[in-house]
Amino acid sequence: QVQLVESGGGSVQAGGSLRLSCASSGSTPSNVCMGWFRQAAGKEREGVAFRLYDGTMAYADSVKGRFTISKDNAKNTLYLQMNSLKPEDTATYYCAVRIRCVKIWFFLSRGSDYPYWGQGTQVTVSS
């Protein structure tokens with residue numbers, strides 16, 4: 001069982017930065033993929049950024065060049081550095097973990113394939 005706890009959300013003005021953290025605990029196999037999803041009010045959940053078991057990273061087109069996903073293995077913590085934030089980035093952000101992921105965006109970003117989720121952290125970007 002894997003437990004995930006997000007932190008680092010908040011309110012920021014457009015152009016600002018935030019860093020989200022996702023601390024994991026419990027039994028985590030080595031061949032996992034970890035990622036960040038977000039869901040804005042009235043919209044569907046979408047994949048934002050993913051880090052595969054081999055270190056490969058993948059990003060949604062809407063955040064490429066602005067967001068960076070990273071992982072501190074010693075701390076079992078996944079991060080999402082968000083720079084140049086825009087009002088459209090406003091959402092609840094969730095981290096999630098799955099086993100044996102596929103290096104294809106369609107499958108990486110399919111939330112239903114992730115059995116482990118954090119509780120979410122709110123990010124609000126004002127214009």
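Fair warning: this is a prediction, and the values are worked out from it, not measured in the lab.
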_Step-by-step side chain to side chain contact (heavy atoms under 4.5 Å, CB included) determination, Tyr116 to Val32_ = CA-CA 11 Å; Tyr116 305 109; Val32 298; over 6 Å; no

Show me, pair by pair, the donor-acceptor contacts under 3.5 angstrom made by side chains of residues 11-19, not counting sequence neighbours?
unit_1: Ser17; atom_1: OG; unit_2: Asn83; atom_2: OD1; d: 2.9

List the atom pairs, donor and acceptor, that lie under 3.5 Å between side-chain atoms in residues 100-111 and the rest of the protein, sequence neighbours left out.
unit_1: Lys103; atom_1: NZ; unit_2: Asp54; atom_2: OD2; d: 2.3
unit_1: Ser109; atom_1: OG; unit_2: Trp105; atom_2: O; d: 2.7
unit_1: Arg110; atom_1: NE; unit_2: Asp113; atom_2: OD2; d: 2.8
unit_1: Arg110; atom_1: NH2; unit_2: Asp113; atom_2: OD2; d: 3.0

Anything under 3.5 Å between a donor and an acceptor, one on a side chain of residues 41-49, the other on a protein residue two or more places apart or in another chain? List them.
unit_1: Glu46; atom_1: OE2; unit_2: Arg38; atom_2: NE; d: 2.6
unit_1: Glu46; atom_1: OE2; unit_2: Arg38; atom_2: NH2; d: 3.1

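With sequence neighbours excluded, the residues satisfying side chain to side chain contact (heavy atoms under 4.5 Å, CB included) with Asp72 are Ala74, Lys75, Tyr79. Listed by chain and number, the residues in a side-chain hydrogen bond (donor to acceptor under 3.5 Å, both in side chains) with Lys86 amount to none (sequence neighbours excluded). Partners of Gln122 by side-chain hydrogen bond (donor to acceptor under 3.5 Å, both in side chains), not counting sequence neighbours, listed by chain and number: Thr92, Thr124. Listed by chain and number, the residues in a ring-ring contact (aromatic ring centres under 6.0 Å, His included) with Phe37 are Phe50, Tyr114, Trp117 (sequence neighbours excluded).
Using a 4.5 Å heavy-atom cutoff, the side chains of Arg51 and Ser70 are not in contact. Residues Met82 and Arg66 are not in side-chain contact: their nearest non-hydrogen atoms beyond the backbone lie 4.5 Å or more apart.
Applying the disulfide (SG to SG under 2.5 Å) test to pairs two or more places apart or on separate chains, none has a residue in residues 42-83.
Scanning all heavy atoms of the two residues, the minimum distance from Ala40 to Ala91 falls at N-CB, 3.7 Å.
Remark: side-chain polar atoms of Glu6 are paired, donor with acceptor, to backbone N or O of Gln119 under 3.5 angstrom.
Summarising the geometry, atom CD belonging to Gln81 is positioned 9.5 Å from atom OG belonging to Ser21; distances are rounded to the nearest 0.5 Å. Note: Thr77 OG1 to Met34 CE = 8.0 Å, rounded to the nearest 0.5 Å.
Residues Tyr53 and Tyr59 do not share a hydrophobic cluster, defined by chaining ILVMFWY side chains whose heavy atoms lie under 4.5 Å apart. Taken together through direct or relayed side-chain contacts under 4.5 Å among Ile, Leu, Val, Met, Phe, Trp and Tyr, Tyr94 and Leu85 form parts of separate hydrophobic clusters. In the hydrophobic clustering of this structure, Leu78 groups with Leu4; members are Ile, Leu, Val, Met, Phe, Trp, Tyr whose side-chain heavy atoms approach within less than 4.5 Å, directly or through other members. Each of Leu20 and Val5 belongs to its own hydrophobic cluster when Ile, Leu, Val, Met, Phe, Trp and Tyr are linked at side-chain heavy-atom distances under 4.5 angstrom.
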